[in-house]
Amino acid sequence: MTTELPLVSVYADESCLGNGKEGANPGGAGVLIEYRHGDGRISRRDLWVSEPATTNNRMALRSVSETFLALGAKGQRFRVQFTTDSRYIVDGMTGWVFGWARAGWKRKTGPIENLPLWHDAIRAAAPHAVSWQWVRGHDGHPQNEYANHLATRAAAEQNTSGGAVDSAFETWLAAYRAKGGRVSEIAPFPDGAAFKASASLPRVP
């Protein structure tokens, strides 16, 4: 039963330095993964990747595929509330991909941008029950701001976490507030009883 799957909360963001400009633009994707234990404690893990020449949309898709590859590394399945400030991801995963699949992964207006990466993201996410959620970026949401920090740092330093690692969220948040950064209260862990997964993703070739 889907309702018996463990619940995790994911916050993802992407960055591309010089997105859209001429030349090779380095980018990164950052992910914060939260898990609540039976006693109420929240465990957090960080994940980030980078590419030397990319776009915001490519890195947004990488944030999806890398998250679900990490979560499913041992064959595990989860209920996942995936929160991002990328409408490209939320609109795509809740709408566009179904039309593309019905049309044989084509569209009348021309080739689908980043189609191999869409397929990678769908394959990685498909085994899980996912609720795709949008949040306004750069609006003081602590977990989203932290994911942005991970993404921009990865883009600038061109490195990768090599999978999910112990999170520095609380240390970062304290330092960010100490420097005058404005953020709201930490978003609470989602209510498992109220969790509702988005539609199951279509099959990919």
Side-chain angles (χ1 to χ4, degrees), residues 6-20 25-51 54-68 70-71 78-91 93 130-195:
L7 177 63
V8 297
S9 183
V10 170
Y11 297 90
D13 205 350
E14 73 289 332
S15 174
C16 182
L17 308 180
N19 188 58
N25 299 310
V31 179
L32 172 64
I33 302 171
E34 297 182 338
Y35 177 79
R36 184 171 63 189
H37 298 270
D39 60 5
R41 291 181 300 111
I42 302 293
S43 291
R44 294 185 173 92
R45 305 281 281 176
D46 295 346
L47 184 156
W48 64 89
V49 294
S50 64
E51 290 184 5
T54 190
T55 65
N56 276 331
N57 287 345
R58 283 182 57 87
M59 298 316 296
L61 287 165
R62 288 287 308 277
S63 78
V64 175
S65 57
E66 295 295 335
T67 293
F68 288 102
L71 290 176
F78 293 92
R79 291 179 295 159
V80 181
Q81 180 167 292
F82 191 100
T83 302
T84 174
D85 61 15
S86 171
R87 294 257 36 135
Y88 185 68
I89 293 301
V90 175
D91 292 348
M93 289 297 191
V130 188
S131 174
W132 303 97
Q133 301 291 323
W134 179 80
V135 65
R136 187 179 300 280
H138 310 293
D139 197 38
H141 185 296
Q143 288 101 317
N144 175 253
E145 296 287 357
Y146 183 64
N148 178 70
H149 159 72
L150 294 177
T152 54
R153 186 184 67 184
E157 298 180 0
Q158 283 296 289
N159 56 21
T160 177
S161 60
V165 299
D166 290 341
S167 179
F169 171 71
E170 293 184 1
T171 300
W172 170 87
L173 183 59
Y176 188 77
R177 284 174 168 160
K179 291 187 293 185
R182 294 185 179 182
V183 290
S184 57
E185 293 300 312
I186 296 173
F189 193 80
D191 179 4
F195 177 87

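Given the structure is predicted, the values throughout are model-derived calculations rather than measurements. Count residues from 1 along the sequence.
- Separation of atoms CG (D85) and CD (E145) is listed at 9.0 Å; rounding is to 0.5 Å.
- Atom CD of Q143 and atom CZ of F169 lie 4.5 Å apart (nearest 0.5 Å).
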Review point. Can you list the steps and then say if L61 with N57 is a side-chain contact (heavy atoms from CB on, under 4.5 Å)?
Key: CA-CA 6 Å; L61 287 165; N57 287 345; 5.6 Å; no

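- Within 6.0 Å of CD in Q158 there are more than 12 heavy atoms belonging to other residues, nucleotides or ligands.
- Nearest heavy-atom pair across H138 and N144 is N-OD1, 3.8 Å.
- With 3.5 Å as the limit, one finds a donor-acceptor pair spanning the side chains of D46 and Y146.
- Taking the side chain as every heavy atom from C-beta outward, L71 and I33 approach each other to under 4.5 Å.
- To the nearest 0.5 angstrom, Q81 atom CD is 5.0 Å from S9 atom OG.
- Taking both residues in full, the closest heavy atoms of L17 and S15 are given as CD2-OG, 3.9 Å, listed atom of the first, atom of the second, then distance.
- The shortest side-chain heavy-atom distance between W134 and I89 does not fall under the 4.5 Å cut-off.
- Salt bridge R62/E51: present, at least one basic N to carboxylate O contact under 4.0 Å.
- Atom OG of S167 and atom CG of L150 lie 7.0 Å apart (nearest 0.5 Å).
- A distance of 13.0 Å separates OH in Y88 from CE in M59, rounded to the nearest 0.5 Å.
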Exercise for review: Go through L32 and V10 one step at a time and tell me if the side-chain contact (heavy atoms from CB on, under 4.5 Å) criterion holds.
Suggested key: CA-CA 6 Å; L32 172 64; V10 170; over 6 Å; no

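- With contacts defined as side-chain heavy-atom distances shorter than 4.5 Å, the pair L173/I186 qualifies.
- The side-chain heavy atoms of F82 and V90, taken from C-beta on, include no pair separated by under 4.5 Å.
- Two residues are said to be in side-chain contact when any heavy atoms from C-beta on lie closer than 4.5 Å; V8 and R79 fail this criterion.
- Under the 6.0 Å cut-off for aromatic ring centres, Y11 and H141 qualify, their centroids lying closer than that.
- With sequence neighbours excluded, the residues that form a ring pair (Phe, Tyr, Trp, His ring centres under 6.0 Å) with H37 are Y35.
- Annotation for A154 and V49: closest pair CB-O, 3.5 Å, computed over non-hydrogen atoms.
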Check your understanding: T84 and V135: side-chain contact (heavy atoms from CB on, under 4.5 Å), yes or no, with the steps?
Key -> CA-CA 6 Å; T84 174; V135 65; over 6 Å; no

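- The closest side-chain heavy-atom distance from E14 to S86 is below 4.5 Å.
- In this structure, the separation between CZ on F189 and CZ on R36 is 5.5 Å, given to the nearest 0.5 Å.
- Shown here for S63 and D13, the closest heavy-atom pair between the two residues is CB-O, 4.4 Å.
- With hydrogens and angles ignored, the 3.5 Å screen pairs a side-chain donor or acceptor of N25 with a backbone N or O of G18.
- Between L7 and F195 there is a side-chain heavy-atom pair separated by less than 4.5 Å.
- A donor-acceptor pair is defined here as one N or O able to donate and one able to accept, closer than 3.5 Å; such a pair exists between the side chain of S184 and the backbone of G140.
- Checked by atom type, the side-chain pair W48/N159 shows a donor-acceptor distance below 3.5 Å.
- Taking 4.5 Å as the limit, some side-chain heavy atom of E66 sits within range of a side-chain heavy atom of L47.
- Using a cut-off of 4.0 Å between Lys/Arg side-chain N and Asp/Glu carboxylate O, R45 and E34 are scored as not salt-bridged.
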